[in-house]
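Here is the structure we will look at, set down as structure tokens.
Convention: sequence-line order gives letters A, B, ...; per-chain numbering from 1. Just so you know, these numbers come straight off a predicted model, no measurement behind them.
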Amino acid sequence: MAEQQAKWLSCAEGGAGSEPGSLVRFARLEQLLDWGRANSLWPLTLGLACCAIEMMAAGAARFDLARFGAEVFRPSPRQADVMIVAGTVNWKMAGPIKTLYDQMLEPKWVIAFGNCAISGGPFVFPGQYAVVEGVDKLFPVDVHVPGCPPRPEALIEGILELEQKITGTRRWPRVKTA
Amino acid sequence: MNELIEQLKSAYAVLVVPARADTQAAAVPAVVQPTDPERRGCHLEVTVTPAVVVDAAQVANRFGFAIDTITGIDWPEAGQMEVVYDFFHPQHRLHLVVRTRVPRDAPALPTIQDVFPGANWHERETHDFFGIKFIGHPDLTPLLLPEDADYHPLRKDFTNVSRSSN
Amino acid sequence: MSPGHPTDSSVSAAAPRETFVLNVGPQHPATHGVLRLKLTMDGEYVLHAEPVIGYAHRMHEKMGENRTYVQFLPNPSRIDYLSAMHYMHAYVCVVERALGIEVPPRAEYIRVITSELNRIASHLVWFGAFLLDLGAFTPLLYAFDDREKILDLLEAVTGSRLTYCYYRFGGLCNDVDEQFIEGTRAFVKHMRGRLGMYHKLVTENLILRKRLEGIGVISAELCRKYGATGPVLRGSGVPCDVRKLEPYSVYPEFEFDVPHFAEGDCMARYKVRMEEIAQSLRIIEQAIAKLPPGPVMAEKVPRVIKPPPGDYYFAVEAARGRFAIRLVSDGTEVPYRLKLRTPSFSNLALFGEAARGLLMQDALALLGSLDLVIPDVDR
Amino acid sequence: MILPEPYRLIAYLVGALAFVGLNAAYLVWLERKVAARFQRRPGPTEVGPAGLLQPIADGLKLLGKQFVVWPHADRVLFRLAPAFVLAPALMCLAVIPFGHALCARDFNLGLLLVFAFGSVNVLAILLGGWASRNKYSVIAAARVVSQNVAYEIPMLLVVTTLLLTAGTMNLRELVQQQAGGVWNWNLVKVWVNPLMPVLFLIFYVCMLAETNRAPFDMAEAESELVAGAFTEYAGMGFGLFFMAEYANIVVGASVATVLFLGGWHSPVGVMPGTFWFLVKLYALVFSVMWVRWTFPRTQFYRLLNLSWKLLIPAGLGALLFTALILKLR
């Protein structure tokens, strides 16, 4: 454990928050905060289409997102940390979803869950008039989880991937394997 | 069952647009045509002129039909748009189709939403997709398309709307 | 009973009341997706409710005119992803009707088994989500637990957890194995026990009964005027089920009841769906017992699907009600027009009228009891 | 031995803050674990052993989250509300005797103080909801006020009834009266007042309602009002509301323990008193969680009906009945 912790700390050293020449360094504090953020990713309750059911399944007993502390689905964007865009976004929804993104407070992240959110998925064809071809056209996306719909395991992997993006290392503490 | 169909037939047979002196239009009777439900999925097809769709809906209402759906079909070669009203019966195995055709350049026909309030959304949707105007409809703002949509995507000559990808 | 509504003439005769518009959605936990409700409220009473839809419009009908019959196969399962099997069933059946293909009996039986499994899965999701609307969280997880068992069975056969693309024009893409049959048998037994538990845990709960009984009454006449079908119509006392009324596939060969309750309130719709799970189990049991051997694919299916010109219509009983496809063919490889009649659309249409005068809390319970899938409304 | 006043108060301040903080943090953890067990899933496991670091991660996250006061919100009240909601709960803990000698302020009117400060909680949620200027929040705030006003009355009626037989408002003395075995606890003292179990039941229901817990969670009716009165709060503002909810549960459960369950008195005679106090306290807290994860939410008007039409008449009846018994005895 201690060894891993040391590794985790050294990994994130020189990452965000520690500028080389600055007098005051808050790297350790930043790392601590990042650890907290990574382990407490509260998603926004935002189900758009098919993928939302798999998102619900990921929170249900079999897959249990709660193990990683990410099961606290908040209906209010103010309290959510990560927006899981689960499903197709069309141009009518583009405005509201952008508002939701703006209403979320920093630090915030976005997971594009499913092909529709990544690129428009199966609904893209020449002459299509409704679908936004990828939510990264609307706001920055941190993790893409492909699939139509992706399996719940894929969402868990997406969350772990996002944690890695936040802390700079693949999850501490390690996930126990069965 | 069969007698119900017969009654329906006779009810629709009298649906005639009366001849009007000011337009020289002749009286047009409704065309009632029984169809094979195994092959086509409906029992009775009634073709009427747009002027009597409300009466046609009233007959369906009198016989206890429920509104199934309303849709449009675009026939650019014929220069027409077809509006198809589907009615199903909640108690009997009976499916009724009422068809009417409107000119493509000025598609308009009366609304049946006073007979079937459920037609409100179906007509709005048909207006969204085909641009068919339902006269007397309280609110024809786009239902499924964005509120400011001015295109009718299910018309055969529809091409992609220009969409700035911001 | 709920207290007197302000729409009563006795109350509204007083000084004009101040109303406000509450915007529920498109992102709101009670709308199960991207439905938006514009509620004109007087305090907590809903004076006028206007659903605003279209936030999940995905051009399925336009796509129908853009792709060949085979290319459109994955689409129906994405319209109502919770009852994907039924939607696939309607689509392949309408094309089979146009082409005049006879489907081998084994394929029909397997279609019925998978469809009914899918219906149970869909009702389980509704059960969980509805209870979540009412503020009980735990039943959701129990329901999803049971649903995973169905998903495992279907995944082994179809390769997909949610959006199955299993039926083909003329049959199925592959046969089921012994494991599936055994697993389904075991599931039927398991689910019967669980249903008893659900009734003990939820149906008999006093708070739940008080929240549902007499709330959100929808009359049979209202259903007829709006074309509402499925459990909503059956919850208003009309035993209308496409499986019985316009039998398709091999449904006439099974014994099952059409549960219907005359009360028309949220509890009636709740009971209809719970009873339907039991009836679906009955159908599955019979279908497995009678499952004939043989091929699962018709022999004379043309390589290129070109239905003769004409207008074809096919309706099935999906988990939410009557799903119908109107296919207009012009004899080419691409449908000329593919109209999808989705049950949620009509079921939601009556919400505005049914919710008038209810408390907001009860209106949202009514909304939950309609069992909406928003992409099914918006297509 | 009881420490002199100033030391006791300093010890209380530090202790109460730590107690409330840890309680809030670990009751959240417990709630998540308990809920998970009810739902046949593991709950938080990966963040620290058995997910024990989960509340710390949540706390850090909330601390590091941006806090914004919306331009349309009431700037002062919006900031004040979270503080208002937590402070009264801290005050209440001052008079609660956790053990024979573990009471920050042995106060003659202890019970009065608990109820006086306990009611401020409502004001804070009202302020929070009002200051947010969000329709959902305002609806929730209005609900909370009428709910808490309605349930304060039966609760006070029950307590008054109890005071008739006890004759003191000092919480320590109340506990001392219940010394000498389980049968002396107020809950089972039916020979003094045959209505004691009923009183406890009313008190328990009122406690659930006062702390806005399911099935009476109108303040945060998630599936209707988004996040209720807290919809616009983010970061630690929301965190404080969260902490206050658990602090209020602890206060409510403590008062119930003191009034009905014999306070620090051990049912079997082993282990120190504080241990037993906490056992009773957490058993009650657990039951509160159990209720939450089992029942659906009630309707709002039914909630008010329950209080005005059932609990208040029942409370009044119990009060009259008890007065009669005492007079006749």
Side-chain angles (χ1 to χ4, degrees), chain C residues 1-5 20-25 27-32 37 39 41 43-45 128-146 148 200-203 205-215 266 270 358-365 367-368, chain D residues 31-43 133-147 205 208-209 212-228 231 289-306 308-310:
Chain C
M1 284 297 98
S2 60
H5 303 140
F20 64 98
V21 176
L22 189 67
N23 193 28
V24 179
Q27 182 263 341
H28 186 278
T31 54
H32 299 291
L37 300 172
L39 303 178
M41 310 268 292
E44 289 221 23
Y45 287 101
F130 183 45
L131 267 290
L132 191 62
D133 282 357
L134 301 178
F137 191 76
T138 305
L140 176 83
L141 286 112
Y142 281 45
F144 266 71
D145 221 17
D146 289 336
E148 289 289 339
K200 268 205 191 116
L201 176 72
V202 179
T203 318
N205 186 313
L206 186 72
I207 297 177
L208 182 97
R209 300 189 78 95
K210 296 257 175 189
R211 278 210 66 174
L212 298 185
E213 279 171 2
I215 301 296
C266 293
Y270 171 88
L358 289 181
L359 279 163
M360 182 202 177
Q361 217 175 10
D362 296 337
L364 293 181
L367 187 72
Chain D
E31 174 125 48
R32 285 163 87 167
K33 276 295 202 190
V34 163
R37 290 295 147 177
F38 285 151
Q39 296 159 354
R40 314 204 307 178
R41 59 193 175 92
R133 294 282 160 81
N134 175 314
K135 285 174 190 168
Y136 290 114
S137 305
V138 173
I139 293 177
R143 279 187 183 187
V144 166
V145 171
S146 41
Q147 173 185 347
V205 171
L208 282 182
N212 298 319
R213 291 288 294 190
F216 309 124
D217 52 342
M218 296 299 155
E220 208 197 335
E222 218 177 85
S223 50
E224 297 148 27
L225 299 177
V226 189
T231 306
M289 290 178 183
W290 193 350
V291 168
R292 159 144 184 207
W293 295 105
T294 311
F295 291 123
R297 188 180 305 122
T298 75
Q299 279 127 315
F300 185 58
Y301 53 85
R302 228 177 274 288
L303 169 91
L304 293 183
N305 278 352
L306 177 69
W308 290 107
K309 294 189 183 164
L310 184 73

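Side-chain contact annotation: C/Asn23 with D/Tyr136, donor-acceptor N/O pair under 3.5 Å absent.
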Contacts under 3.5 angstrom, residues 136-144 of chain C side chains, donor-acceptor by atom type, not counting sequence neighbours:
| from | atom 1 | to | atom 2 | distance (Å) |
| --- | --- | --- | --- | --- |
| C/Thr138 | OG1 | D/Gln39 | NE2 | 3.3 |
| C/Thr138 | OG1 | D/Trp293 | O | 2.5 |
| C/Tyr142 | OH | D/Phe38 | O | 2.7 |

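In this structure, chain D has heavy atoms under 4.5 Å from both the backbone and the side chain of C/Leu134. When heavy atoms are compared at a cutoff of 4.5 Å, C/Val202 does not approach chain D at all. Looking at C/Glu44, the atoms closer than 4.5 Å to chain D (heavy atoms on both sides) all sit in the side chain, from C-beta outward.
A heavy-atom distance below 4.5 Å is found between the side chains of D/Phe216 and D/Thr298.
Judged as a salt bridge (charged side-chain N to carboxylate O under 4.0 Å, His left out), the pairs with a partner in residues 136-145 of chain C (not counting sequence neighbours) are, in order, C/Asp145-D/Arg40.
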